[in-house]
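Read the numbers this way: they start at 1 and go in the same order the structure lists the ligands and their atoms. Keep in mind that what you see is a predicted model, and the values were worked out from it rather than measured. The first residue of the sequence shown is numbered 1, and numbering continues consecutively from there.
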Amino acid sequence: METKILLDENEMPRKWYNILADLPTPLDPPLNPATGEPIKPEDLSAIFPMELIKQEVSDKREIPIPEEVLEIYRVWRPTPLYRAYRLEKALKTPARIYYKWEGVSPPGSHKPNTAVAQAYYNMKEGIERLSTETGAGQWGSSLAFAASLFGLKCTVYMVKASYEQKPYRRILMETWGAECFPSPTDRTEAGRRIREKFPDTTGSLGIAISEAVEDAAKHDDTNYSLGSVLNHVLLHQTIIGLEAKKQFEIAETYPDMVFGCVGGGSNFSGASFPFVGDKLRGEKPEVEIISCEPMACPTLTKGLYTYDFGDTAQLTPLLKMYTLGHDFVPPPIHAGGLRYHGDAPILCKLTKEGYMSARAYYQNEVFEAAHIFARSEGFIVAPESAHAVKAVIDEAIRCKKTGEEKVLFFNNSGHGHFDLMGYDLYHEGKLVDYEYPAELIKKSLESLRIK
Ligand SMILES: *Cc1c(COP(=O)(O)O)cnc(C)c1O
């Protein structure tokens, strides 16, 4: 009756799992918006290292994890698989609840699983500096951490509103040696243009992406780094699900349902794809895979499955995905990492084809779930992760009614120590349950339908 199922360091998986090898039909390729043709590897080489471009399109089922990356993973990996006995007891459920705890990494989430790999491949190809954008700072701090371990410089364009309101993650970035600027800056043309037009702007993720991409494109020694959505990011995150599968073997069980929260889709994909692979290959046809998103940004439950830009500024290739439209700006919920208009193309395809399904939740019910979790299991989870907690609690309560002893597994993507303001507002009853903004979404989608 162990609470934590642990792996030794030498039991850590040595290969990532590439689900592209098991998809029933190929993924629709990203398109060059200028020509409408699939993009070529050369198109990406100005801002990404060749090895990551290769991983993006690889059809090999397994991709070896470099020794240098494994060495850094060992700082916090393998992460524990917890059996949530105390939560089960609090809910009086016959269901058995397990969660993978990614909050033990130095930056406090799953994001360094890919940040470390990306920094490594860039270092190997002679790059000296990485540029990126960050909203609330989870990705920026993860990349700053990874860059520092490989001796790379790191420039982070942080949305100005967050830079001013949420100083703690900026301080993390600076502690790891990164430079962090409130975006829009006057360091890039994109930034200068916006500042001229809107001197009082508090920035947006779209603008910050434009700045980071321009910085990388204009400097030979600099590459751009993205924290979610792309195939290679999902690939690196499969270390979560691969470890979990070994841990379930030790526990002599297998999940009936797998849950995770979805912003761009990286932690959910990383945790679930090794299980989805079993399903796709017909080995575990019954396992249910469920993604959890905010009602305020209901990409998978209310979006359109079509080609759209990855960013507001329309700089990226067109990606086939569920989208709320690239100019949709979601309401300011506290799960900042889940405010993205699109989702990872692989995850969208699997959802479209019925291999996984999505559920959406309001802020207050999500924070309520986080409190039930904190007061039983002890950990204070990130507001993002709390979406998965909510889904699991609902399912466990359903199991109580039916008497089912289902095995429920979720990825607990990070801790909430820098998100306590959201917790505080919940205590004061001041959190807003944003209705999903149907009119805004409709307006945003209309432009897509015309194309
Ligand atoms: C960034 C973040 C997310 C959302 O990103 P995904 O790519 O969808 O995983 C979820 N949880 C935490 C803790 C995060 O920091």
Side-chain angles (χ1 to χ4, degrees), residues 79 99-115 118 132-146 158-159 162 166 168-169 172-173 205 225-241 258-273 290-294 296-300 310 319 321-322 330 333-348 351 356 358 360-361 366 370 373 379-391 410-420 422:
T79 63
Y99 62 94
K100 192 76 167 143
W101 181 222
E102 291 294 303
V104 290
S105 76
S109 78
H110 66 286
K111 287 194 170 82
N113 296 332
T114 186
Q118 293 189 42
T132 198
E133 74 286 340
T134 197
Q138 284 106 325
W139 171 242
S141 54
S142 295
L143 194 67
F145 157 74
M158 185 171 187
V159 176
S162 304
K166 300 178 178 172
Y168 292 112
R169 286 196 183 272
L172 286 189
M173 292 181 236
L205 210 49
S225 197
L226 193 66
S228 191
V229 180
L230 298 179
N231 300 347
H232 67 261
V233 179
L234 276 45
L235 172 79
H236 302 152
Q237 293 295 353
T238 59
I239 185 88
I240 304 172
V258 178
F259 299 83
C261 66
V262 172
S266 73
N267 88 85
F268 172 65
S269 299
S272 70
F273 281 1
I290 291 153
S291 55
C292 312
E293 61 182 14
C297 186
T299 313
L300 293 167
L319 302 174
M321 59 185 178
Y322 279 98
I333 52 168
H334 286 268
L338 306 188
R339 295 176 68 228
Y340 182 61
H341 70 272
D343 270 324
I346 301 179
L347 158 60
C348 291
T351 304
M356 35 176 76
Y361 300 101
V366 163
F373 193 81
F379 293 114
I380 293 177
V381 304
E384 290 87 354
S385 323
H387 286 70
V389 175
K390 166 65 182 162
F410 75 98
N411 190 43
N412 202 343
S413 54
H415 70 62
H417 298 181
F418 296 110
D419 306 287
L420 291 177

> Looking at ligand 1, does any of its N/O atoms fall within less than 3.5 Å of an N/O of Gly265?
Replying inline: yes

> Measuring from Ser272:OG to Gln237:CD, what's the distance to the nearest 0.5 Å?
Replying inline: 11.5 Å

>> I need the nearest protein heavy-atom contact for atom 1 (C) of ligand 1: residue, atom name and distance, please.
In response: Lys111 NZ, 1.4 Å

> Quick one: does Thr132's side chain have a donor or acceptor within less than 3.5 Å of a partner on Ser225's backbone?
Replying inline: yes

> His110 near ligand 1, heavy-atom distance under 4.0 Å?
Replying inline: yes

> What closest approach, in Å, do Ser385 and Gly414 show between heavy atoms, and which atom pair accounts for it?
Replying inline: OG-N, 3.2 Å

> Applying a 4.0 Å heavy-atom criterion (strictly less than), which segment of Gln237 is in contact with ligand 1: side chain, backbone, both, or neither?
Replying inline: neither

>> His415 vs Trp101, test: side-chain contact (heavy atoms from CB on, under 4.5 Å). Steps then yes/no.
In response: CA-CA 9 Å; His415 70 62; Trp101 181 222; 3.8 Å; yes

>> Please list, in number order, the atoms of ligand 1 under 4.0 Å from a heavy atom of Gly414.
In response: 13 (C)

> Ser228 heavy atoms, cut-off 4.0 Å: which ligand 1 atoms fall inside?
Replying inline: 6 (P), 7 (O)

>> Under a 3.5 Å threshold, yes or no: a donor from one side chain and an acceptor from the other, between Asn267 and Glu384?
In response: no

> Is a side-chain N or O of Lys100 found less than 3.5 angstrom from the main chain of Thr79, in a donor-acceptor match?
Replying inline: yes

>> Checking a contact table here: which protein heavy atom is nearest atom 4 (C) of ligand 1, and how many Å away?
In response: Gly337 O, 3.4 Å

>> For atom 11 (N) of ligand 1, what is the closest protein heavy atom, and at what distance to 0.1 Å?
In response: Ser413 OG, 2.7 Å

> Does any N or O atom in Gly263 lie less than 3.5 angstrom from one in ligand 1, N or O only?
Replying inline: yes

> Does ligand 1 have a heavy atom under 4.0 Å from the side chain of Val262, from its backbone, from both, or from neither?
Replying inline: backbone

> Counting from 1, what ligand 1 atoms have a heavy atom of Gln138 closer than 4.0 Å?
Replying inline: 15 (O)

> Do Arg169 and Gln138 have side chains that get closer than 4.5 Å, going by heavy atoms?
Replying inline: yes

>> I'd like to check Leu205 versus Arg339 (side-chain heavy atoms, cut-off strictly below 4.5 Å). Are they in contact?
In response: no

> So, is Phe268 polar-close to ligand 1, with some N/O to N/O distance under 3.5 Å?
Replying inline: no

